[in-house]
Asks: 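Just dropping this structure here.
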Number of protein chains: 2
Amino acid sequence: MSTQVKRRAPAAQRTVLILDRLSTSSKPLGVSEIARDIDAPKSSVYGICETLVAAGVLHFEADGYSLGSHCLRWSAAYLNRSSLVSEFRRILAVDGRLASYTVTLSELDKDQVVYLDCRNSDKPLGFTFQVGMRLPAVYSATGKAMLSYISDEERHEILSAVLWDAPFTANSVPNHKKFDADVKVWRAQGYAVDNGEIREGMVCLGAPILNPQGLPVAGIAISMTGAEARLEIQKELGTIVRDIANVLAQRYTS
Amino acid sequence: MSTQVKRRAPAAQRTVLILDRLSTSSKPLGVSEIARDIDAPKSSVYGICETLVAAGVLHFEADGYSLGSHCLRWSAAYLNRSSLVSEFRRILAVDGRLASYTVTLSELDKDQVVYLDCRNSDKPLGFTFQVGMRLPAVYSATGKAMLSYISDEERHEILSAVLWDAPFTANSVPNHKKFDADVKVWRAQGYAVDNGEIREGMVCLGAPILNPQGLPVAGIAISMTGAEARLEIQKELGTIVRDIANVLAQRYTS
DNA sequence: AATGACCGTTCCTTATATGGAACGTTGTTT
DNA sequence: AAACAACGTTCCATATAAGGAACGGTCATT
């Protein structure tokens with residue numbers, strides 16, 4: 001299903017592959033290693049990398065190529081395409097109800113959630129959300145919340161492709177059927193729960209940010225330790241999360 | 001001085017140009033507009049954009065192409081290439097001396113500073129630093145601090161290319177000569193000052209984070225309003241900024 | 001010292017990605 | 001209603017980027 005269309009602009013595709021490969025490397029990589037990993041001729045990789053260095057996207061040092069700061073422009077532009085992130089920060093700065101919890105903002109990309117921002121609490125959580133980080137949507141609170149508000153067809157298409165036999169923890173929702181049953185609960189209460197499905201002992205409550213058409217554009221969630229997440233607390237905090245998501249939805253423009 | 005080397009992998013270069021162009025647009029752009037702006041044939045731009053959509057880097061909607069969240073991977077990887085950002089956050093969370101000020105972390109890229117992180121204060125500053133944001137190094141506090149610690153040749157090369165006739169404010173350092181005189185002061189006191197050179201009424205104090213070889217890898221700065229920046233306060237806070245930068249330098253690895 | 005493995009880089013042929021021109025649509029102007 | 005302009009898309013000859021092979025250099029191993 002990958003290259004059925006006739007290959008156009010292979011250099012552009014390889015540019016992406018090279019940047020992706022460098023993203024998952026902790027050290028600079030040489031031409032040969034990159035070429036091997038992305039399955040392309042050395043000389044082609046060499047030409048592209050030199051072009052990217054000239055463009056200021058990559059740095060070259062003695063031991064190979066590495067990412068440059070140029071790509072921060074692109075992500076900054078992406079995060080600023082709407083007022084979502086700035087409104088998220090503003091509302092958390094003003095509304096003190098979630099002050100002692102870690103709060104995240106994320107959006108859905110296929111079967112993953114992408115974290116757009118994170119306001120850490122002073123209390124340690126044992127888990128760090130980073131901007132740009134991706135997690136399986138089906139196990140995360142915001143992912144569950146957003147998946148609950150897309151059309152049944154879309155959700156079915158996404159869930160059908162999930163590899164259910166690679167759970168994150170013993171608590172991870174086990175299959176499509178259980179997820180569909182949960183969806184009814186999340187919709188009814190207006191927020192979704194991840195009870196240790198991403199990380200053992202971490203509980204997250206997520207709510208969707210819906211556009212005027214009722215479709216999710218993003219989601220917010222709060223994270224806490226299992227010890228903090230007593231049921232009555234969950235209900236109270238879940239309601240707050242849902243309310244804040246609704247306020248964000250109203251302020252959200254374009 | 002741009003395309004003296006023989007053009008290799010034009011599609012890779014155009015990929016960068018397209019992403020850059022979309023970064024500076026508030027709305028999606030069509031093939032024709034992009035092609036006009038980056039001075040490339042429509043059909044080539046079309047091929048590259050379709051490839052980038054297939055790669056998940058761009059989104060396509062009715063009114064044109066726009067950036068996708070894929071590029072967040074690259075910037076997240078860039079920010080995590082060292083422990084700099086995480087140590088910056090940790091030290092600010094523990095050390096309360098700068099709690100009521102906006103503190104930024106940035107690095108030098110040619111003649112610009114690139115902001116890597118920002119810890120906003122509760123007090124409004126009237127200026128927002130965003131990750132990935134770029135400012136002229138010569139006018140910014142961290143830029144001044146870092147430029148003070150590179151070799152004289154390197155600094156001379158960078159400063160010679162600065163367009164001094166496009167100052168940000170009336171306070172912006174006016175020329176190469178004045179900057180060189182300031183460098184001696186910044187080096188002597190261990191921190192640099194931007195007194196309204198980026199924005200009228202905003203004062204920033206910056207210090208370099210030096211590697212074991214004594215070369216700057218990044219810089220930190222605190223920002224405050226002119227009213228807050230009385231001289232004795234500047235001296236006190238400048239010393240704190242310098243000390244924190246030194247602690248960061250010690251913790252900084254790889 | 002000699003061998004071998006692997007590196008980054010260059011070369012040159014050829015397969016092919018490119019891009020000018022043409023196409024069908026759409027929306028605006030005359 | 002007709003003419004026009006600008007759009008996204010397709011087409012095809014050809015300029016040219018790609019990539020297999022060869023090169024010189026470095027480092028381990030024998």
Side-chain angles (χ1 to χ4, degrees), chain A residues 1-68 81 254, chain B residues 1-68 81 254:
Chain A
M1 62 154 281
S2 59
T3 340
Q4 74 286 37
V5 294
K6 54 173 172 286
R7 246 170 50 126
R8 298 186 77 159
Q13 171 155 289
R14 282 170 175 166
T15 297
V16 176
L17 290 174
I18 290 170
L19 292 174
D20 283 347
R21 181 63 193 88
L22 289 175
S23 294
T24 56
S25 169
S26 55
K27 63 178 206 305
L29 297 178
V31 172
S32 297
E33 189 166 1
I34 297 172
R36 226 182 297 116
D37 292 347
I38 70 171
D39 195 36
K42 259 199 305 180
S43 50
S44 301
V45 172
Y46 178 70
I48 294 171
C49 286
E50 286 297 308
T51 298
L52 293 179
V53 168
V57 175
L58 296 186
H59 285 163
F60 180 74
E61 281 170 56
D63 42 357
Y65 298 94
S66 55
L67 288 172
R81 77 197 186 290
S254 119
Chain B
M1 62 153 282
S2 60
T3 338
Q4 75 286 38
V5 295
K6 54 173 172 286
R7 249 170 47 127
R8 297 187 77 158
Q13 170 155 290
R14 282 170 176 165
T15 296
V16 176
L17 289 175
I18 290 170
L19 292 175
D20 283 347
R21 180 64 192 88
L22 289 176
S23 295
T24 56
S25 170
S26 55
K27 63 179 208 303
L29 297 178
V31 172
S32 297
E33 189 166 1
I34 298 172
R36 227 181 298 114
D37 292 348
I38 70 171
D39 194 37
K42 260 200 302 182
S43 50
S44 300
V45 172
Y46 178 69
I48 294 171
C49 285
E50 287 297 308
T51 299
L52 293 179
V53 168
V57 175
L58 295 186
H59 285 164
F60 181 75
E61 280 169 59
D63 42 357
Y65 298 95
S66 55
L67 289 172
R81 75 198 187 289
S254 120

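Throughout, a chain's letter reflects where its sequence line sits, starting with A, and its residues are numbered from 1. Because only heavy atoms are used, hydrogens play no part in the values below, and waters and symmetry mates are left out as well, while side chains stay in.
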Asks: Return the CG to NZ distance between A/Asp63 and A/Lys27, rounded to the nearest 0.5 Å.
Replies: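 A/Asp63 CG to A/Lys27 NZ: 9.0 Å, rounded to 0.5 Å.
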
Asks: Run the side-chain contact (heavy atoms from CB on, under 4.5 Å) test against B/Asp20 and tell me which residues pass, sequence neighbours left out.
Replies: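 Partners of B/Asp20 under the side-chain contact (heavy atoms from CB on, under 4.5 Å) test: A/His70, A/Arg73, A/Trp74, B/Val16.
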
Asks: Hey, could you give me the CG/CG distance between B/Leu22 and B/Asp37, rounded to the nearest 0.5 Å?
Replies: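 CG of B/Asp37 is found 10.0 Å from CG of B/Leu22.
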
Asks: Determine whether any donor atom in the side chain of A/Lys42 lies under 3.5 Å from an acceptor atom in the base of C/dG8, or the reverse, and answer yes or no.
Replies: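 It does, because a donor-acceptor pair links the side chain of A/Lys42 to the base of C/dG8 below 3.5 Å.
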
Asks: In Å, rounded to the nearest 0.5 Å, how long is the span from CG of B/Leu67 to CZ of A/Arg81?
Replies: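 Here the rounded value is 9.0 Å.
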
Asks: Working to the nearest 0.5 angstrom, can you tell me the gap between B/Ser23 OG and B/Ile18 CD1?
Replies: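 These two atoms lie 11.5 Å from each other.
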
Asks: Hey, can you pull the residues of residues 59-67 of chain A with a non-hydrogen atom under 4.0 angstrom from DNA chain D?
Replies: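 Hits under 4.0 Å, by residue number: none.
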
Asks: Might you point out which heavy atoms bring A/Val45 and A/Ala40 nearest each other, and give the distance in Å?
Replies: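 Scanning both residues, the minimum pair turns out to be CG2-CB, 4.0 Å.
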
Asks: Kindly write out the residues that satisfy side-chain contact (heavy atoms from CB on, under 4.5 Å) with A/Leu17, not counting sequence neighbours, or none if the list is empty.
Replies: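 In terms of side-chain contact (heavy atoms from CB on, under 4.5 Å), with neighbours along the sequence ignored, A/Leu17 is linked to A/Gln13, A/Ile38.
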
Asks: Just so I know, are the side chains of B/Pro28 and B/Glu61 near enough to count as touching, which here means a heavy-atom distance under 4.5 Å?
Replies: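 Of all side-chain heavy-atom pairs linking B/Glu61 with B/Pro28, none is under 4.5 Å.
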
Asks: Answer yes or no: does a side-chain N or O of A/Arg14 lie under 4.0 Å from OP1 or OP2 of D/dA17?
Replies: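 For A/Arg14, the contact criterion (side-chain N or O under 4.0 Å from OP1 or OP2 of D/dA17) is not met.
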
Asks: Can you list, in residue-number order, the parts of residues 30-41 of chain A that come under 4.0 Å of DNA chain C, counting heavy atoms only?
Replies: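 The answer is A/Gly30, A/Val31, A/Ser32, A/Arg36.
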
Asks: Provide, to the nearest angstrom, the distance between the CG atom belonging to A/Leu29 and the C1' atom belonging to C/dC7.
Replies: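 So the two atoms are 14 Å apart, to the nearest Å.
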
Asks: Given A/Thr51 and A/Val57, is the side-chain contact (heavy atoms from CB on, under 4.5 Å) satisfied, shown in steps?
Replies: CA-CA 9 Å; A/Thr51 298; A/Val57 175; over 6 Å; no

Asks: Determine which pairs satisfy ring pair (Phe, Tyr, Trp, His ring centres under 6.0 Å) with at least one residue from residues 17-64 of chain B, sequence neighbours left out, and list them in order.
Replies: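 Counting only pairs at least two positions apart or across chains, the ring pair (Phe, Tyr, Trp, His ring centres under 6.0 Å) contacts touching residues 17-64 of chain B are B/Phe60-B/Tyr65.
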
Asks: Residues from residues 43-50 of chain B sitting under 4.0 Å of DNA chain C, heavy atoms only?
Replies: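 Result for residues 43-50 of chain B: B/Ser43, B/Ser44, sorted by number.
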
